[in-house]
Amino acid sequence: MAAVSMRSRSRSMELSPEEERILIRDIALAAEANSKEGDIFYLLTQRWWQHWIDYVNQDQPNNPNDASFVSEHYDSAGSSTLKRPAGIDNSDLIYDAASADTNSGIDIHDTLLEGRDYVLLPQEVWNQLHTWYGGGPTLPRKVISSGLSQTEMAVEVYPLRLQLLVMPKGDRSIIRISKKETIAELHRRACDIFDLSMEQVCIWDYYGRRKHALMNDMDKTLDDANIQMDQDILVEVLNPVNGTTLGRSTRGLSATKGASRSYSVELIQSQGLIARELDTPYGTIGVSTRGSSCGLTGLQNLGNTCFMNSAIQCLVHTPEFARYFREDYHQEINWQNPLGMVGELALAFGELLRKLWAPGRTPVAPRPFKTKLARFAPQFSGYNQHDSQELLAFLLDGLHEDLNRVKHKPYIKSRDADGRPDEDVADEYWANHIARNDSIIVDVCQGQYKSTLVCPICNKVSVTFDPFMYLSLPLQSTTTRTMTVTVFTCDGSALPSACTVTVPKQGRCRDLIQMLSNASSVKHTEKLLLVEIQHHMVQRFLEDPLISLSTIKDDDHLAAFKVPKLANTKYLQLIHRRREQGNSDSQITSGWKPYGTPLVLPISCDDEIIGGNILMMVHKMLSPMLRTKSLERTKISGVMSATEGSDPSVDLCSGEACTDSVVSNSANKDITSSKPVSSLELPLQLVGENNTCTDLWVGVEKAIRLASSSTSILIYVDWSQKFLEKYDTHYLENLPEVFKYGPVTKKARTEPLSLYTCLEAFLREEPLVPEDMWYCPQCKERRQASKKLDLWRLPEVLVIHLKRFSYSRSMKHKLETFVDFPIHDFDLTNYVASKKNARRQLYELYALTNHIGGMGSGHYTAHIKLLDENRWYSFDDSCVSPINEEEVKSGAAYVLFYRRVATEDADASC
C-alpha cells in the first residue's frame with residue numbers, strides 16, 4: 001500500500017502546479033456537466049483545499065499589495081515559493097475516529113459550513129487528488145433530489161442519524177442512512193445489525209419515544225415517512241405464535257418481499273400490536289384547562305422548541321388570524337404558487353390553531369407542524385435552539401405565499417419618484433404591491449415605509465416606497481460607540497500607544513480619524529493613515545473618509561500611523577516574521593511565520609527609491625523599541641555617517657528637504673558611504689512581483705524598481721533570537737480589539753430605554769454598508785449612499801422586533817437592555833410621514849415573546865392578553881398561568897405585537 005502511495009506521489013511530482021490546476025479544472029467541468037441524482041461527492045477540508053489552490057495558482061499574476069497571497073505554506077528556507085501540500089487530512093471535519101460507531105460510519109461535526117469548513121468535490125476530482133496526494137479519511141456523500149418539486153439536486157452532507165431501539169431486548173445502535181432510502185432498506189439494515197430476520201420484526205416511527213406509525217410500506221422513502229434527524233426507531237421483536245418461535249430458521253423459506261410483509265402484518269394484528277388512533281394522543285403533561293376559556297392551551301416542548309411555541313402562541317392569539325383559520329380558508333389556498341409550500345404550511349398551521357382554540361384540551365404536541373416546518377425550512381429541523389424572530393419571519397412569509405389570492409402575478413416595473421408628489425408615488429407602489437401580493441397576512445401585518453437615498457457624490461435623490469412585515473429596532477441607548485485604535489509614529493519619536501475615543505455610532509471614518517488626530521496631537525504637517533489588521537497582515541487601508549464605521553466590528557483590530565502630508569507616495573508595509581519549529585512527516589522543520597502588527601511607512605515616489613533609504617526608515621521607526629538605545633546608536637555610525645560629537649538623536653534626514661520618514665536622495669550618499677555594522681543588519685527582504693525575496697543589505701546602493709500598478713512595497717523583517725534580545729517587540733504584539741467586551745458587572749442605575757428612542761434610531765439617516773451599495777443612475781457607479789426611512793402606511797397589527805442579538809466573527813452577544821414599551825396608547829402619529837390621513841395612530845400591546853438567559857442556552861416564553869377576558873397570561877410551553885399587567889414588562893421582551901386602536905374616525909383609510 002505504501003509503495004502504491006509512493007508511486008502515485010512520484011507520478012504527481014512530474015506535474016507542475018499549473019498542470020495540476022488545468023487537469024483538475026477540466027475534470028471538474030466535465031463532472032459538473034454530467035451530474036445527476038445518485039452521484040457521489042466527497043467532503044474535503046477547506047484548509048487543505050485552500051492550500052492546494054494557493055499552490056497551483058502561485059505562478060498566476062498576483063498583486064503584492066494583497067495580503068492574501070502571503071501564506072503560512074511557504075517553504076522553510078524563507079522563500080516565497082509555496083510548498084506542495086502534504087497528504088489530504090480531513091481529521092478536522094470528523095469526531096474521534098477511534099470512538100466512531102461502526103454502524104454509523106465516520107461522523108462529521110454537526111456545525112460544519114460549506115465554504116468555511118469544507119468543499120464538495122465530484123468523485124472524479126476527488127479520485128484524481130487522492131491518487132496524487134493520498135490521505136483521508138474518505139467522506140463520500142450522495143446527490144439526492146430536493147425541493148418541493150423534487151427536481152433540484154443537492155448533496156446530502158448530513159444523512160439521517162437514527163437510534164434503533166430493540167424491544168424487548170433493550171439493545172440499541174446508531175446508524176446513518178439517507179432520507180431517500182426506502183423503509184425496506186431500513187428493515188434490512190436493522191436486521192443485519194441485530195442478527196434478526198425480516199419476518200421477526202416490525203419497525204415503528206418512535207419519535208419522542210411514542211409509537212406514531214407502523215413502517216410497513218416498504219417502497220416508501222424515509223423522507224416521505226417524515227422521519228427526522230436524531231429520532232428513535234423502534235425495532236420490535238415479535239413474540240412466538242402458536243408455540244413457534246420466529247427465528248433464523250424462517251430464512252429457509254423462499255417467500256417474496258410482499259409475502260413476508262403480509263405475514264408480518266397479519267401476525268401483528270393477531271397480537272393486537274397495531275395501535276388505534278386516539279382522539280387525544282398527547283398525554284397529560286402540563287396543566288389541564290378543561291372547563292376554562294378557549295385559547296388557554298399550552299404547547300408541549302418537543303426538545304428546545306420553546307422558540308417555536310412562543311412565536312406560534314402569539315400568532316394564534318392574533319384575533320384576525322384566530323377568526324380566519326377557524327373559518328373555511330381552504331378556498332384561498334394557492335396550490336400552484338412556486339414561492340409557497342403548496343398549501344401544506346397553511347393547513348398545518350390552521351389545524352394547530354384549531355386545536356389550541358378548542359375547549360377543554362390538554363397541552364398539544366405540535367409534532368405534525370414541526371415536521372412540515374422542518375421539510376420546508378431545514379434550518380429549523382432537529383432539536384437545536386433557534387431564534388424565534390427568524391421563525392416568525394419565515395412563518396409570516398410562508399403563510400402569505402400559501403394564502404396569496406393572486407394566482408398569476410403580473411410583471412410591474414417600479415418607477416422612481418422623479419419629483420412627483422409623495423402621496424401619488426406611495427399609492428402607485430402600494431397598488432403595484434397588492435397586484436402581486438394579496439393575502440390575510442398582507443391585510444393584517446404589512447405596512448409601507450418611504451426610503452430616501454442620497455448619492456454622496458452627485459447628490460442624486462431616489463425615493464421609493466417599500467412594504468414591511470415587521471420593524472427591527474436597534475437597542476441604542478446612546479448614539480455613540482467607543483473605539484480603541486493603536487497609534488504608531490513613523491519618525492521614531494514615540495512608542496506605539498492605544499488610543500480610545502468616542503465616535504458617532506453611525507459615523508464615518510473621517511469622524512474616527514478626526515477624534516484620533518485630536519487625541520494623539522497630530523501636527524498640521526501630518527495625517528493619520530488608518531488600516532485594519534488581520535492575521536498579522538494589513539487587511540485593508542481605510543483611506544476613504546466616507547467608509548461607514550458600522551463596517552468595523554467590535555472584534556476587529558485597527559492601527560493608525562502618523563505620516564507626513566505628501567503627494568505621490570507609496571506605502572511600505574513591514575511584515576514581521578519569526579522562526580517557528582514544528583513536526584512534519586516525523587522530521588523537525590522550521591520556517592518563518594508572520595507575527596505581530598505590521599508597520600506602514602510612506603515613501604516618496606518623486607525621487608529614486610534606494611535600498612539604503614528603506615533601511616534607515618525601518619531602523620528609525622523601530623528605534624524607540626531598542627532595549628539599550630544609547631549603546632545601539634553608537635553602533636550605527638557607519639550607517640548614519642553622523643559627524644563625531646553630534647547629538648545621537650539627530651534626525652537621519654539631512655536638512656529641511658526630508659520630512660519625517662520620507663528620505664531624500666541627499667541622504668543616500670551618506671547612507672552608502674561606509675559599510676553598515678553587522679550587529680545591526682536586521683534582516684530585511686524585499687518581496688518582488690513574483691513573490692521573490694531580495695536581501696536589502698545586499699543592494700544598499702541599488703535603486704528599487706516598482707511596477708507602476710503597485711501601490712505598496714512589501715518588506716519582511718525576520719526577527720532572530722539575537723535581534724529579539726536587542727528590541728522590545730512586545731509593543732508589536734497583542735493589538736487590542738476595537739471594543740473588548742469585559743465580564744458582566746453590576747452597572748450603575750440608568751434610565752430605561754424608551755421604545756420611542758429605538759424607533760427614532762431606526763428612522764435616523766445613516767450610510768449604507770459597503771456590501772449593500774446603491775447604483776447611482778446619475779453617476780453610473782455604485783455609491784455608499786445615505787439612507788433615510790420614514791413610516792408611511794401602518795398595518796392593523798404592528799410587529800416590532802427588538803434587536804437584542806449581535807454577531808461578530810468570534811462571538812455572539814446579547815443586549816440585556818430594559819426597554820420601556822407602552823402597553824396602552826402607543827402613539828405613532830408623529831412618526832408617520834404621510835399627512836393624507838389625519839387620524840391618530842394609536843396601538844395597544846396584546847402579545848409578546850420573551851428571551852430569558854444567554855446566547856444558545858436561553859428560554860423563550862410568551863405573554864398574551866386574552867381580549868375577551870381582558871386578562872394577561874404567561875405561556876411557558878405547556879404551562880399556562882395568569883399574570884398581572886405589571887409583570888408584562890421586563891428586560892427579556894423580544895418581539896412585541898401591537899393592535900391598532902379604533903378611534904372616532906376609524907372608518908377613514910390609512
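A quick note: this is a predicted structure, and the numbers were derived from the prediction, not measured.
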Looking at Lys409 and Glu401, is any side-chain nitrogen of the basic one under 4.0 Å from a carboxylate oxygen of the acidic one? yes
Please check if the side chain of Ser388 supplies one atom and the backbone of Ala311 the other of a donor-acceptor pair under 3.5 Å. no
Identify the heavy atoms of Ser550 and Lys553 that sit nearest to each other, and give their distance. O-NZ, 3.3 Å
May I ask you to test the Ser439-Glu332 pair for a side-chain heavy-atom distance under 4.5 Å? no
Looking at CG of Leu798 and CD of Gln841, how far apart are the two atoms once the value is rounded to the nearest 0.5 Å? 10.5 Å
Do Tyr775 and Lys780 pass the side-chain contact (heavy atoms from CB on, under 4.5 Å) test, and can you show the C-alpha distance, the side-chain angles, and the key distance before you say yes or no? CA-CA 7 Å; Tyr775 181 80; Lys780 307 296 184 185; 3.6 Å; yes
Assess, by modelled atom type and distance only, whether the side chains of His433 and Gln446 contain a donor and an acceptor separated by less than 3.5 Å. yes
Do any N or O atoms from the side chain of Trp357 and from the backbone of Val316 form a donor-acceptor pair under 3.5 angstrom? yes
Within the side chain of Arg323, is there an N or O that forms a donor-acceptor pair under 3.5 Å with the backbone of Thr318? no
Without swapping roles, check the side chain of Asn309 against the backbone of Gln300 for a donor-acceptor pair under 3.5 Å. yes
Any donor-acceptor pair under 3.5 Å from Asp790 side chain to Trp792 backbone: no
Criterion side-chain contact (heavy atoms from CB on, under 4.5 Å) on Val880 and Phe875, from CA distance to verdict: CA-CA 5 Å; Val880 181; Phe875 287 73; 3.7 Å; yes
Could you check whether any side-chain N or O of Asn384 sits under 3.5 Å from a backbone N or O of Asn304, counting only pairs where one atom can act as donor and the other as acceptor? no
CG/Leu759 to CD1/Ile800 distance, rounded to the nearest 0.5 angstrom? 7.0 Å
I would like to know whether Asp827 and Arg840 meet side-chain contact (heavy atoms from CB on, under 4.5 Å); could you show each step before the answer? CA-CA 7 Å; Asp827 193 350; Arg840 294 183 68 191; 3.0 Å; yes
Taking C-beta and beyond as the side chain, do Leu302 and Pro366 meet within less than 4.5 Å on heavy atoms? yes
State, without any angle test, whether Asp876 and Thr861 hold a side-chain donor-acceptor pair at a distance under 3.5 Å. no
Over all heavy atoms of both residues, which pair between Thr297 and Pro363 is shortest? Give the atoms and the distance, please. CG2-CA, 4.1 Å
Is there a donor-acceptor pair closer than 3.5 Å between any side-chain N or O of Asp402 and the backbone N or O of Met341? yes
Exceeds 12 heavy-atom contacts within 6.0 angstrom, atom CG of Asp328: yes
Is a side-chain N or O of Asp511 found less than 3.5 angstrom from the main chain of Arg508, in a donor-acceptor match? yes
Looking at Arg405 and Asp438, does any basic side-chain N land under 4.0 Å from a carboxylate oxygen? yes
Considering residues, nucleotides and ligands other than Lys889, do more than 12 of their heavy atoms fall under 6.0 Å from its NZ? yes
Locate the shortest heavy-atom distance separating Gly298 from Leu356; write the atom from each residue and the value. O-CD2, 4.0 Å
With a 3.5 Å distance limit and no angle check, can you tell me whether Asn404 reaches the backbone of Lys407 through a side-chain donor-acceptor pair? no
Kindly assign one of parallel, tilted or perpendicular to the pair Tyr860 and Tyr894, based on the angle between their ring planes and the thresholds 30° and 60°. tilted
Apply side-chain contact (heavy atoms from CB on, under 4.5 Å) to residues Gln389 and Thr849 and explain how you reach the verdict. CA-CA 9 Å; Gln389 187 272 332; Thr849 64; over 6 Å; no
From Glu885 atom CD to His824 atom NE2, the distance as rounded to the nearest 0.5 Å: 3.5 Å
From CG (Asp387) to CD (Gln379), nearest 0.5 Å: 11.5 Å
Classify the ring geometry of Tyr898 against Tyr843: parallel below 30°, tilted from 30° to 60°, perpendicular beyond 60°. perpendicular
Which atom pair, heavy atoms only, marks the closest approach of Asn850 to Ser890? OD1-OG, 4.1 Å
Straight-line distance of Met469 CE to Leu395 CG, nearest 0.5 Å: 10.5 Å
Indicate yes or no for a side-chain donor-acceptor contact from Arg436 to the backbone of Pro410 under 3.5 Å, with no hydrogens or angles considered. yes
Taking Glu760 first and then Arg764, would you say they form a salt bridge - that is, a charged N and a carboxylate O separated by under 4.0 Å? no
When every non-hydrogen atom of Phe468 is compared with those of Gln448, the smallest separation belongs to CE2-N, 3.2 Å
Closest heavy-atom contact between Phe762 and Ser472? CD1-O, 3.4 Å
Give the intermediate values and the outcome of salt bridge (Lys or Arg N to Asp or Glu O under 4.0 Å) for residues Glu844 and Arg899. CA-CA 5 Å; Glu844 180 180 73; Arg899 292 186 71 232; 5.7 Å; no
Gap separating the OH atom of Tyr873 from the NE2 atom of His317, nearest 0.5 angstrom: 10.0 Å
